[in-house]
2 protein chains.
Amino acid sequence: MADLDALTSRQREIYSFIRSKIQGRGYGPTVREIGQHFEIKSPNGVMCHLKALQKKGLIHREPNMSRAIQLLDDPAVAPPLAGLKLVGRIAAGQPIEAIEQDEELTFSDWVEDGGKFALRVIGESMIEEHIADGDYVVIKQQDQARDGQIVAVRDDDGEATLKRIFRDRGRVRLEPANKAMKPIFRDKVDILGILVGVVRKY
Amino acid sequence: MADLDALTSRQREIYSFIRSKIQGRGYGPTVREIGQHFEIKSPNGVMCHLKALQKKGLIHREPNMSRAIQLLDDPAVAPPLAGLKLVGRIAAGQPIEAIEQDEELTFSDWVEDGGKFALRVIGESMIEEHIADGDYVVIKQQDQARDGQIVAVRDDDGEATLKRIFRDRGRVRLEPANKAMKPIFRDKVDILGILVGVVRKY
DNA sequence: GAGAATTTCGAAAAAATGTTCTGGCGTGCG
DNA sequence: CGCACGCCAGAACATTTTTTCGAAATTCTC
């Protein structure tokens with residue numbers, strides 16, 4: 001990635017103006033449009049900045065062509081990963097924005113890789129695992145599971161159910177995480193996938 | 001969405017040429033560029049098609065401006081939402097892929113709107129709300145909160161802490177969701193935001 | 001077949017746009 | 001201080017680009 005630090009503040013302004021135009025309406029600004037927005041009365045003033053941006057590798061231009069500005073590190077090509085800034089600790093007195101955030105809470109691993117789906121939790125059968133009624137569980141599709149894993153299985157009635165799985169002398173034991181409920185035993189179960197995440201929305 | 005069926009084959013060709021240019025290099029073609037590509041020797045030939053496309057509502061043009069073509073049903077404006085298929089019930093015997101999925105579990109509301117951040121939960125203070133150690137909470141930044149809401153507040157030591165908030169005779173009571181812990185009272189608290197989501201990854 | 005819509009050509013006018021040159025102002029640096 | 005550099009004004013020029021006018025071939029419809 002091109003280092004934005006090497007830009008002057010003016011150049012950064014102009015760069016993001018160009019970007020906003022391209023993303024906002026689908027085509028970039030002309031030299032004069034840029035000048036008008038920043039109250040630069042001479043096209044040459046803008047030309048200087050464009051040349052600087054070009055030299056620093058942020059944009060590419062075709063000579064003698066109107067609006068022919070390409071953004072080189074185009075985020076449209078590499079769409080922003082769906083993520084949230086992960087703020088682990090809050091330094092006293094500092095605004096949140098100032099905190100160093102080198103981590104992100106991303107959902108791309110759930111969304112992009114495929115082979116996963118979500119299921120809305122009904123009931124309290126996994127409440128001791130802190131999976132509550134109304135939560136969503138993210139399930140990775142696979143038909144095998146190891147002992148002790150939490151799996152989504154297809155129940156007798158065709159509904160999906162979430163249980164911890166154990167093999168028990170040739171049979172399968174499905175154990176809820178709720179003392180008020182009893183484990184169920186089956187000779188064979190239809191595993192839909194294993195639990196990889198929980199999401200709750202308020 | 002505009003019905004592409006109403007287009008002649010020529011118009012469809014030209015429309016997708018414009019689209020490919022915009023998406024490929026970031027700026028659209030000029031009238032002449034379109035003409036050159038389709039071997040239309042007169043700019044007016046192209047103008048006709050552009051006017052037709054405009055009348056049919058597929059593009060928008062600004063008069064007297066070069067390359068000022070906007071695609072109206074632009075899919076780049078509505079990027080694919082990050083989401084998981086939401087499978088509420090599993091029909092017996094059918095493969096998962098075959099289930100009707102009209103709902104999705106999306107994270108775009110957390111990611112796109114801004115003003116939100118994530119915090120890793122340390123400890124068991126909210127365990128009765130089924131927010132466990134190691135979970136991530138999604139916080140919407142705001143400095144006000146209503147009684148009973150779960151909020152992230154900046155603690156004395158500068159750390160963030162998650163508590164349920166109540167106003168109690170001029171003072172603020174912060175109540176953990178854990179019987180083993182006692183509520184704390186403060187004259188004034190620094191609210192970082194309110195809880196809007198919980199995410200757990202296995 | 002008449003008429004409308006689609007498609008194209010050719011030429012020319014008008015406007016927009018990119019480019020270059022000259023000059024000026026300020027800031028930081030050796 | 002001289003000098004490089006960022007920043008901009010103003011004017012002039014070359015090109016590109018849009019737009020219009022007039023005309024025609026083709027296809028489709030009523």
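By convention in this document, chain letters (A, B, ...) are assigned in the order of the sequence lines, proteins followed by strands, and residues within each chain are numbered from 1. These numbers come from a predicted model, not from an experiment. Only heavy atoms go into these numbers, but all of them, side chains included; no hydrogens, no water, no symmetry mates.
Base contact: B/Pro43 has a heavy atom under 4.0 Å from a base atom. Among the protein residues, B/Glu33 comes within range of no part of the nucleic acid, since none of its heavy atoms lies under 4.0 Å from any strand.
Contact check for A/Glu33 versus A/Lys21: no side-chain heavy atoms found under the 4.5 Å cut-off. Under the 4.5 Å side-chain criterion, counting only non-hydrogen atoms from C-beta, B/Val198 is not in contact with A/Val199. Side-chain contact check for A/Ile14 versus A/Leu53: some heavy-atom pair is nearer than 4.5 Å.
Residue B/Lys41 places at least one side-chain N or O under 4.0 Å from the OP1 or OP2 atom of C/dC9. Phosphate proximity of C/dG18 to A/Arg67: absent, as no side-chain N or O sits under 4.0 Å from OP1 or OP2. At C/dT7, one or more side-chain N or O atoms of B/His49 fall inside 4.0 Å of OP1 or OP2 (strictly under the cut-off).
We find that CZ of A/Arg61 is positioned 13 Å from P of C/dT17, with the value rounded to whole Å. Distance, A/Lys51 NZ to D/dC8 P: 15 Å, rounded to whole Å. Computed from coordinates, the A/Gln11 CD to D/dG6 P distance equals 7 Å when rounded to whole Å. In this structure, the NZ atom of A/Lys56 is 12 Å from the P atom of D/dC5, given to the nearest Å. The distance between atom CG of B/Leu50 and atom P of D/dT17, rounded to the nearest whole Å, is 14 Å. The separation between B/Ile14 atom CD1 and C/dT7 atom C1' is 10 Å, rounded to whole Å. With rounding to whole Å, A/Glu62 atom CD is found 15 Å from C/dT17 atom C1'. Atom CD1 of A/Ile34 and atom C1' of C/dG18 are 12 Å apart (whole Å).
A distance of 12.0 Å separates CD1 in B/Ile165 from CZ in B/Arg186, rounded to the nearest 0.5 Å.
Nearest-nucleotide assignment on DNA chain C puts the 5′-proximal partner with B/Ile40, out of B/Ile40 and B/Ser66. Toward the 5′ end of DNA chain D lies the nearest nucleotide of A/Ala52, the other residue of the pair A/Ala52 and B/Val31 mapping further downstream.
Applying the side chain to side chain contact (heavy atoms under 4.5 Å, CB included) test between A/Leu162 and each of A/Ile122, A/Leu119, A/Asp135, A/Ile139 identifies A/Ile139 as the sole match.
Two end axes, each from the C1' atoms of five base pairs, can be drawn for the helix from C/dG1-D/dC30 to C/dG30-D/dC1; they diverge by 30°, to 10 degrees.
Between the side chain of A/Asn44 and the base of C/dG18, no donor-acceptor pair of N or O atoms lies under 3.5 Å.
Proximity note for A/Met47 (side chain, C-beta onward) versus C/dT20, D/dC7, D/dT20: the nearest is C/dT20.
For A/Tyr202, there are no ring pair (Phe, Tyr, Trp, His ring centres under 6.0 Å) partners at least two apart in sequence or on another chain.
B/Asp190 contributes no side-chain N or O that, together with a main-chain N or O of B/Arg154, makes up a donor-acceptor pair within less than 3.5 Å.
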